[in-house]
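Dropping the structure in here first, questions after.
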Amino acid sequence: MSQPLVLPDTPDAASYKDVWTFTEYVEGELFQTSFEAIAAARKIASMTNMRVGTVIVGYKIPQEVIDSLIWRGADYVIVVDNLELERYNPLTYASVLAGVARERKPWAFVFVADDIGRDVAPRVAYRLKTGLATDCIDYEMGEIYQGVVGQTFKNVLAQVRPDFASRIAKIFTPRHRPQISSMRPGYFKPLPEDRSRKGEVVRVQWKVAEEELKRFQILEVSRLPDEEGVELLTADFVIGLGLGVVRRTKGEPDPKLALDLAMKINELLSSRLKVKTAIGASRALVWAEIRGLKDFITPGRQIGQTGKTISPKVYVAAGISGAIQHKVGIIRSKKIVAINTDPNAPIKDMATYMINEDLYDALPKLYESLKRRLE
Ligand SMILES: Cc1cc2nc3c(=O)[nH]c(=O)nc-3n(C[C@H](O)[C@H](O)[C@H](O)COP(=O)(O)OP(=O)(O)OC[C@H]3O[C@@H](n4cnc5c(N)ncnc54)[C@H](O)[C@@H]3O)c2cc1C
């Protein structure tokens, strides 16, 4: 039988300290999710008694941007400011981030699980010969027994993420440092801005190697139009439609009617209460590509682990069972109203109110009762 592959441990693991984040600053824009990463790092730092550092890379980065990272919770900011880094380039950025981390040795390094974080974090992890836990929604301290080496590792970071089926997985990087993860946007609230906070600014001179610059050249940058369903991220009231739209207790199901009913409720609320409303869907409904819905219920409207994370004041889940992959996308909703013909559907664990009724009956009733109240 072949021997299990055991990579050598990070030789000086004990010398690693502090929790770092990567601040995304692209084309003059500071991505607000970087503040969420700092909030996540603060949580880890509070459990480990460490400091929070953040690395920002770019060219002519304004002082106000650097200060804002300290006001939002960083103890120090590592600034790599260099003409060659003016534009985001996954290879040069990964080389800088890995190089700075190799020299300064952070204990944990948190990226945002967005387009840039997903692009650069694995490259950094690979260069540092360490692991990467993607799409984390929480962090805990834990211990893990590794049978391969017959050793228990204590005080390691449990990087919590949704797994397949209905499980939550805790990913450990016990033997390598730094412990790198990407954090799903929407799970850590940015800390309030405190302009009296003081921190250190560490300017690092970094010469990008000539061959790194040659390997990847940016010829043109173009911005995509706003993604469909982007309003889900900021809406106060969201209706999510699920595969329940293809079943009806009495009569023929009519998914287009279900969508129209949801839209009617949203229009009522947005016109009368001036609240931001949006319509989302479960992955099962998006993938079903149902005639009459598929032009509107697109992948951009998917809520959940592989879709968007929403945080409305009210979320109405109509005909959605409540699989864990859906739940992780709605966990930050203040109130959840579930409309489901099955009183034991898993969504009930999270629902503030459970309406045990056919959505084709419940949505018109909801509309009428809201209309009466608003009148
Ligand atoms: C790696 C991975 C990633 C995933 N990512 C996501 C994700 O991001 N988002 C996501 O949503 N899912 C995701 N899924 C899929 C997820 O596991 C579920 O399959 C999916 O969420 C189920 O969708 P649903 O609730 O609409 O359908 P179903 O599970 O079929 O549930 C339909 C519900 O509607 C109820 N119902 C039926 N008829 C009616 C009616 N007339 N009125 C009212 N209620 C009715 C039923 O009782 C049932 O509870 C992922 C799965 C995997 C493996």
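One is the number of the first residue; the rest follow in order along the sequence. Atoms within a ligand are numbered from 1 in the order they appear, just like the ligands themselves. Computation of the quantities below employed the complete heavy-atom set of this structure, encompassing side-chain atoms and omitting hydrogens, waters and symmetry-equivalent molecules.
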Please determine if Thr249 has a nitrogen or oxygen closer than 3.5 Å to a nitrogen or oxygen of ligand 1.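 It does not: no N or O of Thr249 is found under 3.5 Å from an N or O of ligand 1.
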Proximal atoms of ligand 1 relative to Gln302 (non-hydrogen, under 4.0 Å):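 Going through ligand 1 atom by atom, the ones under 4.0 Å from Gln302 are 6 (C), 7 (C), 8 (O), 9 (N).
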Heteroatom distance test (Leu359, ligand 1): nitrogen or oxygen, under 3.5 angstrom: yes
Evaluating non-hydrogen atoms only, which member of Pro253, Gly240, Gly244, Gly322 is closest to atom 37 (C) of ligand 1?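 Of the listed residues, Gly244 has the closest heavy atom.
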Ser282 neighbourhood, listing ligand 1 atoms whose heavy-atom distance to it stays under 4.0 Å: 11 (O), 23 (O), 24 (P), 26 (O)
Is it true that Arg123 and Asp119 have a side-chain N and a carboxylate O under 4.0 angstrom from each other? yes
Would you say the side-chain atoms of Ser182 and Thr134 include a donor-acceptor pair closer than 3.5 Å?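 On atom types as modelled, these side chains do not qualify, holding no pair under 3.5 Å.
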Test: Lys264 cationic atom under 6.0 Å from Tyr367 six-membered ring centre, within 45° of axis: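 Ring-cation test returns yes.
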I want to check a possible cation-pi pair here: Arg177 against Tyr16, using under 6.0 Å from ring centre and within 45° of the ring axis as the test. no
Would you find more than 12 non-hydrogen atoms of other residues, nucleotides or ligands less than 6.0 Å from Asp115 atom CG?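 No, the 6.0 Å shell around CG holds no more than 12 heavy atoms from other groups.
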Does Asn266 reach the main-chain N or O of Ala278 with its side chain, forming a donor-acceptor pair under 3.5 Å?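 Yes; judged by distance alone, with no hydrogens or angles, the pair exists.
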If the cut-off is 4.0 Å to any non-hydrogen atom of Arg247, which atoms of ligand 1 fall inside it?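 Selected atoms, number and element: 37 (C), 38 (N), 40 (C), 41 (N).
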Side chain or backbone of Glu357 under 4.0 Å from ligand 1, or both, or neither, by non-hydrogen atoms?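 Glu357 to ligand 1: backbone contact only, side chain stays beyond 4.0 Å.
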Give the atoms of ligand 1, by number and element, whose distance to some non-hydrogen atom of Gly307 is under 4.0 Å.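 Answer, ordered by atom number: 8 (O).
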Quick check: Tyr360 and ligand 1, any N/O pair under 3.5 Å apart? no
With a 4.5 Å heavy-atom cut-off, do Ile70 and Val201 have their side chains touching? yes
Same cluster or not: Leu257 versus Ile265, using hydrophobic residues (I, L, V, M, F, W, Y) connected whenever any side-chain heavy atoms lie under 4.5 Å apart? yes
What atoms in ligand 1 come closer than 4.0 Å to a heavy atom of Gln305?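 Selected atoms, number and element: 7 (C), 8 (O).
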Enumerated ligand 1 atoms positioned under 4.0 Å from heavy atoms of Gly242: 26 (O)
Measuring from the heavy atoms of Gly329, does anything fall under 4.0 Å of ligand 1?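 Gly329: no contact with ligand 1 (<4.0 Å).
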Crowded around Lys105 NZ? As in, over 12 foreign heavy atoms under 6.0 Å?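 Above 12, so yes.
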Tell me which part of Ala323 gets within contact of ligand 1: side chain, backbone, both or neither, using heavy atoms under 4.0 Å.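 Side chain only.
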Under the 6.0 Å and 45° cation-pi test, does Arg51 pair with Tyr76? no
Heavy atoms only: which of Leu243, Val286, Asn340 is nearest to atom 27 (O) of ligand 1? Leu243
Proximity flag Leu285 to ligand 1, non-hydrogen atoms under 4.0 Å: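 It does not; every heavy atom stays at 4.0 Å or beyond.
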Taking only heavy atoms of Gly304 into account, list the atoms of ligand 1 that are under 4.0 Å away from them.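 Those of ligand 1 that fall under 4.0 Å from Gly304 are 7 (C), 8 (O), 9 (N).
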CA sep, side-chain torsions, deciding dist, call: Arg184, Thr309, side chain to side chain donor-acceptor pair (under 3.5 Å): CA-CA 8 Å; Arg184 233 185 121 77; Thr309 302; 3.2 Å; yes
Heavy-atom pairs closer than 4.0 Å: do any link ligand 1 to the side chain of Ile303, the backbone, both, or neither?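 The part of Ile303 near ligand 1 is the backbone, not the side chain.
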Going by heavy-atom distance to atom 34 (O) of ligand 1, choose the closest among Gly319, Pro343, Ala318, Pro346.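 Result: the heavy atom closest to atom 34 (O) of ligand 1 is in Gly319.
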Nearest non-hydrogen contact with atom 6 (C) of ligand 1 belongs to which option: Thr309, Thr306, Val245?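 The nearest heavy atom belongs to Thr306.
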Between Tyr93 and Leu85 (side chain of the first, backbone of the second, donor and acceptor by atom type, cut-off under 3.5 Å), is there such a pair? yes
Nearest non-hydrogen contact with atom 16 (C) of ligand 1 belongs to which option: Arg283, Gln325, His326? Gln325
